[in-house]
Amino acid sequence: MIEVVNVTKRFGGLVAVNKMNIVVEKSEILGLIGPNGAGKTTLFNCIAGYFKVDDGLIKLDKKNITNLSSEEICKNGIARTFQAAKPFGDLTVRENIMVGAFNHTRKTKHAIEEAESCMEITGISHLANDTSKDLTLCDKKKMEICRALATKPKYILFDEVMAGLNPTEVQEIIILLRKLNSSGIGLVIIEHIMSAIMSISHRIIVMQDGALLAEGDPSYIASHPSVIEAYLGKGKEYA
Amino acid sequence: MKISSNNNNSLFKYNNILSHSNVFEFVFIIGLIALPMLISNSYYRDWFVMAFIMAGASCAWNIIGGYAGMLSIGHAAFFGIGAYTSTLLYVRVGISPWLGLIAGALLSTIAAIVIGRATLRLKGTFFVLVTIAFCEVLRFTAIGWRSLTFGSMGITLVFKKNFFNMMWQGKTAYVLLTFGYLVFVYVFNKIIEKKKFGYYLVAIREDQDAACACGIPAAKIKTIGLMISAFLTSIGGSIYAQYVMYIEPDVVFDIMISVQLILIGILGGKGKAFGPIMGAIIIIPLSSFLRGSLANLSGLHGFVYGVALVLVIIFIPEGVYGRLYRFFNKNKKNIKNHVEGVM
């Protein structure tokens, strides 16, 4: 269980995340949405150790992980992907995933085996020998998911993993994410594609201006007046 | 069952020691040692000895500059520490250069820890600047601290033929010694290339944020990389001093040494164990040849040398061996795809 308690992050005078409270249950899919600039990615970066929080606590299974460095967060079992895909460009896909697998093994042979099985799960085995910078966006994203999976995490944070993909590819990613979730990994997903996030999430949290706006299951969120207002502006009487 | 046999197959391919590039490297290295043993002309043998030393030191630079992508322009510092430590211990105290070489390497490692702790947590150009500054500080220290280092006068070693003194008549022993050094550093690179540590260095070079997200302690890995690199570069410096038998601050702490190590690495192909060997075998004879044949027009050899390098960097930015390696691997991949297609 990831617990985010009263977390505040300021950039100078701007409060990017304002006293946020979130609980991510074991093996659930939590959607995190909100308009641009709501502080979703900042919150991610706080959890993943890229930003130091100014106030508040972050706990993983009762253990305080507030302000640990990003590699220690990963060692503790929270992996992440990035908004813009970040492959290790010169390495092949297999090697990229091996780097993830080295998180829990020292032996190259084990890392290769782990990489092979993760590629099997994510369905990218046929790309194993390709140089990762030459991949299509969708394959890069799948590879990043696979690399995160190879670190053997309890939770994975996905930052707009479906952005820029076409509907068929979005479906592939959704199937893949469900597969990961059913193997017991908790997922937190930031996403702007509403149909995708609504169909995949068990629970959704809406952020606005760094604070919690609404929380609930997808159908509740979809009909929540202040969520609609945040996305579409104030409705007219006839709208 | 089918899946597992497939896996084994690709594992085998992945670890294939007899890949085209490995065979090429092996044959090339055999050629490298055969040539100077067959040639008796000591002028050409000198090329080889210098190329071996510089190739070895450049391979050592490659660990931090190539794999980890941290452009150190101050590796002459470690080269100089090696040269001065072994030479001073020998001249002042009478300690064998064989031991002095280890002492120098350990001193360089300590220096690397200091530089690493100070700069490798930060991103950007701090590291590059500090390496230059550190090397300059050492150069001026060596010039100024006359009571210890003899200052700008330098130190001339008196020839006393003895294994213990690391001095031999003729060049054969030096060829073997420097070749041994080169092979040692090369094999070391070759091993870490396929180990966790090597992959971590490359991952940090390619994307440090993503590397950290994979649980890589970037600053620590880079510092260890710099320590190893400094250790190995320093040994090259010690051997250089014993071969040339004369050192002065403006030679061994000169930024030109650093630049040459970098050029060898980049021209040959940085981030590949074999790259610097290729680079050295091209650059050292080339610069020596140009200096000899264009001697009547002073400065012209530097100009031609520079133009040649610029052309290489424009047209083959991945380095001569980087290009060859890609060629070998492309062939391998085509064969693999072909095999899979048939199956």
Side-chain angles (χ1 to χ4, degrees), chain A residues 45 48-50 69-82 84-92 94-113 115-117 119-120 125-126 128-133 144 147-148 150-153 156-157 159, chain B residues 2-16 19 66-67 69 121 191-221 269-272 318 322 325-326 329-330 332-337 339-341:
Chain A
N45 283 335
Y50 283 77
S69 63
S70 46
E71 68 265 16
E72 286 166 313
I73 300 281
C74 177
K75 288 256 183 288
N76 275 294
I78 302 180
R80 73 166 296 181
T81 68
F82 293 88
K86 285 176 182 287
F88 303 129
D90 270 357
L91 296 180
T92 64
R94 181 189 283 114
E95 289 169 329
N96 264 272
I97 294 155
M98 282 163 65
V99 170
F102 277 129
N103 189 39
H104 54 79
T105 178
R106 249 184 55 241
K107 289 214 161 64
T108 309
K109 190 164 162 281
H110 291 169
I112 295 174
E113 285 163 0
E116 297 290 342
S117 78
M119 286 191 293
E120 199 82 38
S125 299
H126 60 291
N129 293 316
D130 290 4
T131 310
S132 61
K133 65 182 166 201
E144 277 215 336
R147 195 171 66 195
T151 65
K152 284 204 177 151
I156 307 182
L157 313 179
D159 196 351
Chain B
K2 190 161 183 271
I3 288 167
S4 79
S5 78
N6 245 343
N7 269 353
N8 287 340
N9 199 11
S10 60
L11 274 185
F12 168 73
K13 268 174 190 151
Y14 188 74
N15 285 330
N16 193 357
S19 68
Y67 294 120
R121 284 158 201 263
I191 289 170
I192 65 166
E193 215 172 56
K194 292 292 170 211
K195 289 257 180 245
K196 181 176 180 173
F197 183 68
Y199 280 115
Y200 271 15
L201 289 176
V202 175
I204 291 167
R205 174 188 78 201
E206 292 297 314
D207 197 309
Q208 185 162 340
D209 283 341
C212 290
C214 290
I216 301 175
K220 187 177 146 200
I221 295 289
K270 60 184 163 52
K272 294 267 179 295
E318 72 268 53
Y325 186 83
R326 221 174 53 182
N329 267 18
K330 199 174 275 173
K332 202 172 80 185
K333 206 172 130 191
N334 284 344
I335 289 166
K336 187 173 190 301
N337 287 346
V339 169
E340 276 173 0

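Numbered from 1 within each chain, the chains take letters A, B, ... in sequence-line order.
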To check you understand the geometry: which heavy-atom pair defines the closest contact between A:C74 and B:C212, and what is its length?
CB-O, 4.3 Å

Give the C-alpha distance, both sets of side-chain angles, the deciding distance and a yes or no for side-chain contact (heavy atoms from CB on, under 4.5 Å) between B:C214 and A:F102.
CA-CA 8 Å; B:C214 290; A:F102 277 129; over 6 Å; no

Mind checking what makes side-chain hydrogen bond (donor to acceptor under 3.5 Å, both in side chains) contact with B:K195, not counting sequence neighbours?
none

List in chain and number order the residues that pass salt bridge (Lys or Arg N to Asp or Glu O under 4.0 Å) with B:E318, two or more places apart in sequence or in another chain; answer none if no residue qualifies.
B:R323, B:R326

Closest non-hydrogen atom pair between A:N103 and B:G215, with its separation:
OD1-CA, 3.8 Å

First locate atom CE of A:M98, then atom NZ of B:K194, and finally report the distance between them rounded to the nearest 0.5 Å.
7.5 Å

Could you measure the distance from the CZ atom of B:F197 to the OG1 atom of A:T108? Nearest 0.5 Å is fine.
13.0 Å

Walk me through whether B:D209 and A:Y50 qualify under side-chain contact (heavy atoms from CB on, under 4.5 Å).
CA-CA 9 Å; B:D209 283 341; A:Y50 283 77; 3.7 Å; yes

Mind ranking A:R106, A:R80, A:E72 by heavy-atom pairs under 4.5 Å with chain B and telling me who comes out on top?
A:R106

Given a strict heavy-atom distance threshold of 4.5 Å, which part of A:T105 is in contact with chain B: side chain, backbone, both, or neither?
backbone

For side-chain contact (heavy atoms from CB on, under 4.5 Å), just list the numbers for B:R205 and A:D90, CA-CA rounded to whole Å, side-chain angles, deciding distance to a tenth of an Å, and then say yes or no.
CA-CA 10 Å; B:R205 174 188 78 201; A:D90 270 357; 3.4 Å; yes

Where is the tightest heavy-atom contact between A:R147 and B:A210, given as atom of each residue plus distance?
NH2-CB, 3.5 Å

Under 4.5 Å from a heavy atom of chain B, the part of A:T151 involved
side chain

